[in-house]
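Some notes on the structure that comes next.
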Amino acid sequence: MKLGFAVKVLGREGLKSNDSRRWQNSPHLSVSLAYLRDLLVYLRETGIKMYRMSSDLAPYVTHPELTQFHGQIEECAEELAAIGQMAREQGVRLSFHPSAFVLLNAADETVAQKSIADLTAQARMLDLMGLGPEAVVVTHVGGRYGNKAESLRRFVERYRTLPEPVRRRLVLENDERSYTFGDVYAVHEQTGIRLVFDQLHELCNPTPGLTLRAALERALATWPAGQTPKIHYSTTRTAMIETADKRLQMPLLSQHADLIDPFAFIDLLRSAKGLRDFDVMLECKAKDIALLRLREHLHRLAPDLVQAWRIE
DNA sequence: CGATGTCAAGGAATC
DNA sequence: GATTCCTTGACATCG
């Protein structure tokens, strides 16, 4: 079981996740890839085995007006191959999770086309890195547009029109307000698309009639034998509220906390006993710091689970 | 040098 | 129909 974190390193100074200069200053994918190389060295040193790359790794590569950026992925084929080889050699599982503006099921055809361009670019980078089928591009169903059934149908329809290399990389995640795990499972049944089970989203937007464990088991089963599925895991944020004479912490549903609650994570692992192996992408504000802290806590609190799941 | 404004992009809830 | 939230840093410019 690999533990991973998303995009930004907080545990060490000076590591960047992408070339974020503005377009006027000509940012370039090759600069982002140099940053990514340094980041992979840090992952090697800390023993971290999973990482979500920035959606903006290739700056403006799909921007409709800034066409001067559009060739950067192909220009960087050799650098992408080198980075991919480095990740493979140290056993790091890489992925993308495009921004909230990527909506494959958009009612507006131009929004859908821009989304397809983004998905295509990210899938292409994974291909040029030479990564296996576990390196995926994660997306949500998208908007509801006042008609969920129709909007789900549109997702399936657009998914089927995607170029095969994109379809091969794309996986689907349940979200916290619109599409439950049950909804994305129905899409899986129609398309075969693999599913990323988001545990907090399932708690915030539960599937009627399905226990958490049953949902998790179904999600894992959408991945072919020989591929390790992955899930998203996070702890809900709390905020201070003021009453007449006290200040109290209360949970804010669907917002991510700084760190992972180790006891809740241990509960998840115990409830997952007997299920197939899977990887866990941690989504929390403290990023790699939260991962390292969780790993310490697990070694101290549940060394049996660390061994049984071979957590790294 | 520190403070402040700005960045490509959509959807949904609220009023 | 307009506003605000989601959520976030860090670049770039201003004083």
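Protein chains get the first letters and strands the later ones, always in sequence-line order, with residue 1 at the start of each.
Among residues two or more places apart in sequence or in another chain, the side chain to side chain contact (heavy atoms under 4.5 Å, CB included) test is passed with A:Q227 by A:P133, A:E134, A:R194, A:W223, A:P224. With sequence neighbours excluded, the residues satisfying side chain to side chain contact (heavy atoms under 4.5 Å, CB included) with A:V7 are A:S17, A:R52, A:S54. Residues satisfying the side chain to side chain contact (heavy atoms under 4.5 Å, CB included) test with A:A135, not counting sequence neighbours, are A:L126, A:L131, A:R169. Residues that satisfy the side chain to side chain contact (heavy atoms under 4.5 Å, CB included) test with A:E164, not counting sequence neighbours, are A:R167, A:R168.
A:D175 places its CG atom 16 Å from the C1' atom of C:dT7, with the value rounded to the nearest Å. One interatomic measurement links the two molecules: CD of A:Q24 to P of B:dA8, which rounds to 7 Å at whole-angstrom precision.
The side-chain contact (heavy atoms from CB on, under 4.5 Å) with A:T222 is formed by just one residue from the set A:L172, A:I193, A:L195, A:V196; it is A:L195.
Clustering of Ile, Leu, Val, Met, Phe, Trp and Tyr by side-chain heavy atoms under 4.5 Å joins A:V31 with A:Y35. Other residues sharing a hydrophobic cluster with A:M50 under the 4.5 Å side-chain heavy-atom criterion for ILVMFWY residues are A:M281.
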Per-pair distances, 0.1 Å, donor-acceptor, side chain in residues 136-145 of chain A, under 3.5 Å, sequence neighbours excluded:
from: A:H140; atom 1: ND1; to: A:E173; atom 2: O; distance (Å): 3.3
from: A:R144; atom 1: NH1; to: A:S178; atom 2: OG; distance (Å): 2.9

Would you tabulate the side-chain donor-acceptor contacts of residues 56-69 of chain A under 3.5 Å, counting partners in other chains and residues two or more places apart, or write 'none'?
from: A:T62; atom 1: OG1; to: A:D118; atom 2: OD1; distance (Å): 2.4
from: A:H63; atom 1: ND1; to: A:E65; atom 2: N; distance (Å): 3.0
from: A:H63; atom 1: ND1; to: A:L66; atom 2: N; distance (Å): 3.2

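To the nearest whole angstrom, the two P atoms, one in B:dT14 and one in C:dT7, are 16 Å apart. Distance noted for atom P between B:dT6 and C:dT4: 16 Å (whole Å). Only the P atoms considered, B:dA8 is 13 Å distant from C:dT13, to the nearest whole Å.
For DNA chain C, if you chain together Watson-Crick or G-U pairs that step i with j, i+1 with j-1 and so on, the runs of at least three with distances under 3.5 Å are B:1-7 with C:9-15, B:10-15 with C:1-6.
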query: How does each nucleotide of nucleotides 9-15 of chain B score, in 5' to 3' order, for protein heavy atoms under 4.0 Å: base (B), sugar-phosphate only (S), or none (-)?
result: BBSSS--
message: What does the B/S/- profile of nucleotides 8-15 of chain C look like, 5' to 3', with a 4.0 Å heavy-atom cutoff to protein?
response: SSSBS---
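Residue pairs meeting the side-chain hydrogen bond (donor to acceptor under 3.5 Å, both in side chains) criterion with at least one member in residues 83-95 of chain A, sequence neighbours excluded: A:R44-A:Q90, A:Q85-A:E89, A:R93-A:D279, A:S95-A:K230.
Taking the six-membered ring where the residue is Trp, A:Y159 and A:F155 present parallel rings, their angle staying beneath 30° rather than reaching 60°.
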